[in-house]
*Asks:* 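For reference, the structure I am asking about is given below.
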Amino acid sequence: MDVQELQIIKNKHDIVGNSPGLNRAIEMAVQIAPTELTVLITGESGVGKEAIPQIIHQLSRRKNGRYLAVNCGAIPEGTINAELFGHEKGAFTGAIGERKGYFEEANGGTLFLDEIGELPKETQAMLLRVLQSGEYMKVGSSKVEKTDVRVVAATNVDLSYAVATGKFRQDLYYRLNAVQIAVPSLAERKDDIYLLFRKFSSDFSEKYSLRKISLSHEAITLLTSYRWPGNIRQLKNIAEAVTAMEAPSAAPGAERVEVDSHTLAQYMPREDDTLIPATVSTGSGSGMSENDKQMFVKAILDLKNEVDDLRARLDGISQPAMAQPRILEVRKEDFAPADEDFSEPEAPELTIRKASDDLIEKALLKHGGKVKPAAAELGISERTIYRKLAEKKSK
Ligand SMILES: Nc1ncnc2c1ncn2[C@@H]1O[C@H](COP(=O)(O)OP(=O)(O)OP(=O)(O)O)[C@@H](O)[C@H]1O
Ligand SMILES: [Mg+2]
């Protein structure tokens, strides 16, 4: 495949990077697209797996059919069979009407099953059957249905480990793993790091009419020498945070502001964080992965910095009057630009409570309202979440 063709695909899917590992993954997707083969996409969390099934779909003969993406880890165990395969009227309490499943909806198209390692064993058996014969049954029905769906699956856990521990069916693993596309981690494509930073930073500046950011030579070295356990997702968050915070300090009339390594370091997680266990098994398919842990710790550290800032303000050791309210405003409105806000900041305790409520809410949303995985991800007890929910209700 020549460089130009590859670049067209990257542009179309908003993919930035030129590393050999990334190019190989895209080339494999292009090659495999016209076939009917089932594909398994592997790679750490945040490496950009989600673009691959879209490339496959759009270059396949199914491109005019539907493309559906389903995050298996976000659907509660009790409803996943009904969501994937549909259910009959009255199949279970609450099944008022009939419902089509994703395998029916995606008939003639492509179904992307993300976090495939999270599928319950019973669902794995149903998936294997539909992969082998195109046949399935709706929940509560004994009628065999037919569908023509191409499945692309993805995982950020080591499925062979899940097979070894009995959590994942071996036959399904072999079936899915016939073609594996491995998306490399950011640490394996260091040359792409600054390219990606520039893209995320300039997209962000454009979106919020901010000045552009560039990095000094040393800052680029700092950026590329970090190991990026949260991969591109983490890099994007940091690029956006740096831009949001630093762009407003550009001198009047200046087109861009150069961020030095000292400033950048304030936004980077410390490599020697003792809070993070040195090795965490990522193969179990449950609990927090090392990446998640690092992201979570980062969120807590960010929170702590925010509270320290607020404390400093309250103690009267604040920085110039103009700078801080702008930063507060940017954070409050999720980086949306807004008029200056000179109102009193909230008390630190309130900010902490709100931030922890937000974290819980986000985790619940991510896990489709399931308390157990949300609690596991946050490293707090399920009881704490239930208490928070009850508090919220009684307000
Ligand atoms: N090469 C790339 N160029 C530009 N943006 C990218 C690239 N790869 C990933 N991204 C962006 O990084 C973020 C994370 O990517 P994505 O959601 O595909 O990760 P993932 O591998 O599916 O992670 P997870 O396993 O946690 O679901 C997304 O916002 C995506 O748009
Ligand atoms: Mg994903």
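Order of listing sets the numbers, starting from 1, for every ligand and every atom in it.
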*Asks:* Nearest to the Mg ion (ligand 2), which N, O or S atom of D114 do we find?
*Replies:*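 The atom in question is OD2.
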*Asks:* Flag yes if more than 12 heavy atoms outside R24 fall under 6.0 Å of its CZ atom; otherwise flag no.
*Replies:*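 Counting neighbours around CZ of R24, 12 or fewer heavy atoms of other residues, nucleotides or ligands fall under 6.0 Å, so no.
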*Asks:* Scan side-chain atoms only and decide if T243 and S201 contain a donor-acceptor pair under the 3.5 Å cut-off.
*Replies:*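 Per modelled atom types, T243 and S201 side chains form a pair under 3.5 Å.
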*Asks:* For atom CD of Q4, decide whether the heavy atoms of other residues, nucleotides or ligands shown that lie under 6.0 angstrom number more than 12.
*Replies:*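 No, the 6.0 Å shell around CD holds no more than 12 heavy atoms from other groups.
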*Asks:* Using the ring of each side chain (for Trp, its six-membered ring), is F103 parallel, tilted or perpendicular to F85, with breaks at 30° and 60°?
*Replies:*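 Ring orientation, 0 to 90° scale: parallel.
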*Asks:* Let me know which protein residues bring a heavy atom to under 4.0 Å of ligand 1; chain then number is fine for ordering.
*Replies:*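 Ligand 1 is contacted, at a heavy-atom distance under 4.0 Å, by D14, I15, V16, E44, S45, G46, V47, G48, K49, E50, N156, L196, K199, F200, I232, R233, K236.
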*Asks:* Check the surroundings of atom CD in E77: do more than 12 heavy atoms from other residues, nucleotides or ligands lie under 6.0 Å from it?
*Replies:*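 At most 12 heavy atoms, drawn from other residues, nucleotides or ligands, come within 6.0 Å of this atom.
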*Asks:* Under 6.0 Å between ring centres, would you say that holds for F200 and F204?
*Replies:*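 Here the rings of F204 and F200 have centres that are no less than 6.0 Å from each other.
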*Asks:* If the plane angle is over 60° it's perpendicular, under 30° parallel, otherwise tilted; pick one for Y67 and H57.
*Replies:*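 If you compare the ring of Y67 with that of H57, the planes turn out tilted.
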*Asks:* Return yes when at least one N/O/S atom of E50 is nearer than 2.8 Å to the Mg ion (ligand 2), and no when none is.
*Replies:*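 Yes - counting backbone and side chain alike, E50 has an N, O or S atom under 2.8 Å.
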